[in-house]
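One structure is given below, encoded as C-alpha cells.
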Amino acid sequence: MYLEDDDTIREVIVEYLKLANYEVIEAVNGKEALEYFENESFDLAILDIMVPEIDGIEVLEEIRKKDKKIGIIMLSAIGDERTQLHSFTAMADDYIVKPVSAILLIKRIETILRRISNTELEKKNIGLEKDSLGYCFYENGKRIDLTLTEYLLLEVFYDERNRVFDRNLLLDRIYGRDYYGSDRVIDAHIKNLRKKLDGDYIKTIVGIGYKWR
C-alpha cells in the first residue's frame, strides 16, 4: 500500500513499483489507508506523513497496534531528527526523505521484504492438517480453535490450493446461493483466520480475491 496525496509523486512511484512487479494499492489520505488496512492484507506499506484526514505517523501507530510484522517505510519531505525518531519509536522499518531515487526505494523495499520473509520462514513449520471427521484443523499437532464458518473457509483453500477465489465464489461455497448479505463478510472471516494461524497460508490477490499461498 502506498499513502501519498501528491498525485504526481504517487503516479511516478507507483509506475516504478509496478515495473518492479509489485502490486500496489494507492491511498490519498490517512483515513483511506486505514480502511484499506482493515480490509486487505499487505506485505509492506509506504507512508507519507503530511496527508489529509489522518497523518502518516498516526497511520503508522494504528497499523502497529494490530500488525507487528508488516514492513513500513516512511517516505516524507519532513527531514528533522525529531520526526524521524518518533517514526522509529513507533516501529517504522525505514525512513526516507524526499526526493528519493525510485531505484533506491525499490532496493530498500526488497531488503525489508527479504528480512520479513526470512523471519517468517524461521517461524513457519508447515504442519497444517485437516481432520474432516472432526471438522477441524491441526497446526503443528495443535488443534486450532475455529468456528464452523472459519473451518469451511480454510477447507476451501486447503483442498484447492492452486485456485484463486473471489468473494462471491467463497460465499457460494460456504453459505450457498441463498446468501444475500455483504461479500465483505469474507474479509472479516479471513482476517480472523490469519490471527488464529501461525503460518501465513492465505494470500490476497489485489482486486480479485484470495488463494492459498
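The chain is numbered in sequence order, starting from 1.
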Taking all non-hydrogen atoms of both residues into account, name the closest pair between [X] and [Y] and its distance.
{"X": "Ile202", "Y": "Arg194", "answer": "O-NH2, 3.0 Å"}
{"X": "Tyr138", "Y": "Cys136", "answer": "CE1-SG, 3.5 Å"}
{"X": "Leu17", "Y": "Ile46", "answer": "CD1-CD1, 4.2 Å"}
{"X": "Leu105", "Y": "Ile73", "answer": "CD1-CD1, 4.4 Å"}
{"X": "Arg108", "Y": "Tyr95", "answer": "NH2-O, 3.9 Å"}
{"X": "Asp131", "Y": "Tyr151", "answer": "O-OH, 3.9 Å"}

[X]/[Y] ion pair, N-O < 4.0 Å:
{"X": "Glu23", "Y": "Lys18", "answer": "no"}
{"X": "Asp187", "Y": "Arg167", "answer": "yes"}
{"X": "Arg64", "Y": "Asp93", "answer": "yes"}
{"X": "Glu160", "Y": "Arg173", "answer": "yes"}

Taking atom [atom1] of [X] and atom [atom2] of [Y], what is their separation to the nearest 0.5 Å?
{"X": "Tyr16", "Y": "Ser101", "atom1": "OH", "atom2": "OG", "value": "8.0 Å"}
{"X": "Leu44", "Y": "Tyr22", "atom1": "CG", "atom2": "OH", "value": "8.5 Å"}
{"X": "Arg82", "Y": "Ser87", "atom1": "CZ", "atom2": "OG", "value": "12.0 Å"}
{"X": "Ile174", "Y": "Leu169", "atom1": "CD1", "atom2": "CG", "value": "9.5 Å"}
{"X": "Lys195", "Y": "Glu150", "atom1": "NZ", "atom2": "CD", "value": "10.5 Å"}
{"X": "Leu154", "Y": "Lys196", "atom1": "CG", "atom2": "NZ", "value": "11.0 Å"}

With a cut-off of 6.0 Å (strictly less than), are more than 12 heavy atoms of other residues, nucleotides or ligands near [atom1] of [X]?
{"X": "Ile103", "atom1": "CD1", "value": "no"}
{"X": "Phe88", "atom1": "CZ", "value": "yes"}
{"X": "Asp80", "atom1": "CG", "value": "yes"}
{"X": "Lys142", "atom1": "NZ", "value": "no"}
{"X": "Arg184", "atom1": "CZ", "value": "yes"}

Mind checking whether [X] and [Y] have side chains closer than 4.5 Å, heavy atoms only?
{"X": "Leu193", "Y": "Leu146", "result": "yes"}
{"X": "Met91", "Y": "Lys68", "result": "yes"}
{"X": "Tyr2", "Y": "Ile9", "result": "yes"}
{"X": "Glu38", "Y": "Glu35", "result": "no"}
{"X": "Glu26", "Y": "Glu11", "result": "no"}
{"X": "Thr111", "Y": "Arg115", "result": "no"}

Point to revise | Side chains of Tyr201 and Glu139, donor plus acceptor under 3.5 Å | key: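 There is such a pair (donor and acceptor under 3.5 Å, judged by atom type) between the side chains of Tyr201 and Glu139.
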Review point. Without hydrogens or angle criteria, can the side chains of His86 and Glu61 be said to hold a donor-acceptor pair below 3.5 Å?
Key: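 On atom types as modelled, these side chains qualify, holding a pair under 3.5 Å.
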Check your understanding: ring pair (Phe, Tyr, Trp, His ring centres under 6.0 Å) between Tyr210 and Phe165: does it pass, once the steps are laid out?
Key -> CA-CA 5 Å; Tyr210 302 93; Phe165 294 90; 9.8 Å; no
Please determine whether residues [X] and [Y] belong to a single hydrophobic cluster, defined as Ile, Leu, Val, Met, Phe, Trp and Tyr linked transitively by side-chain heavy-atom distances below 4.5 Å.
{"X": "Val14", "Y": "Val12", "answer": "yes"}
{"X": "Leu104", "Y": "Leu75", "answer": "no"}
{"X": "Val24", "Y": "Leu47", "answer": "no"}
{"X": "Ile70", "Y": "Tyr36", "answer": "yes"}
{"X": "Ile63", "Y": "Ile25", "answer": "yes"}

Review point. Taking Val185 as the fixed residue, which of Leu171, Leu170, Thr149 is the one that meets the side-chain contact (heavy atoms from CB on, under 4.5 Å) rule?
Key: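 The side-chain contact (heavy atoms from CB on, under 4.5 Å) with Val185 is passed solely by Leu171 among Leu171, Leu170, Thr149.
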Exercise for review: Could you please spell out the steps behind the side-chain contact (heavy atoms from CB on, under 4.5 Å) verdict for Phe42 and Val206?
Suggested key: CA-CA 10 Å; Phe42 304 101; Val206 178; 5.8 Å; no
Check your understanding: Which residues satisfy the side chain to side chain contact (heavy atoms under 4.5 Å, CB included) test with Tyr158, sequence neighbours excluded?
Key ->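 With neighbours one apart ignored, the set is Leu128, Lys130, Phe137, Arg161, Trp212.
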Exercise for review: Mind checking side chain to side chain contact (heavy atoms under 4.5 Å, CB included) for Asn162 and listing every partner two or more places apart, or none if nothing turns up?
Suggested key: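 Listed in chain order: nothing, the list is empty.
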**Study point:** CA sep, side-chain torsions, deciding dist, call: Val28, Arg10, side-chain contact (heavy atoms from CB on, under 4.5 Å)
**Key:** CA-CA 9 Å; Val28 298; Arg10 191 178 65 256; 3.6 Å; yes
Point to revise | Derivation and outcome, side-chain contact (heavy atoms from CB on, under 4.5 Å), residues Lys191 and Asn39 | key: CA-CA 8 Å; Lys191 188 169 185 178; Asn39 295 305; over 6 Å; no
Without placing hydrogens or testing angles, list every side-chain donor-acceptor pair under 3.5 Å for residues 48-60, not counting sequence neighbours.
{"unit_1": "Asp48", "atom_1": "OD2", "unit_2": "Lys98", "atom_2": "NZ", "d": "3.4"}
{"unit_1": "Asp55", "atom_1": "OD1", "unit_2": "Ile57", "atom_2": "N", "d": "2.9"}
{"unit_1": "Asp55", "atom_1": "OD1", "unit_2": "Glu58", "atom_2": "N", "d": "2.9"}

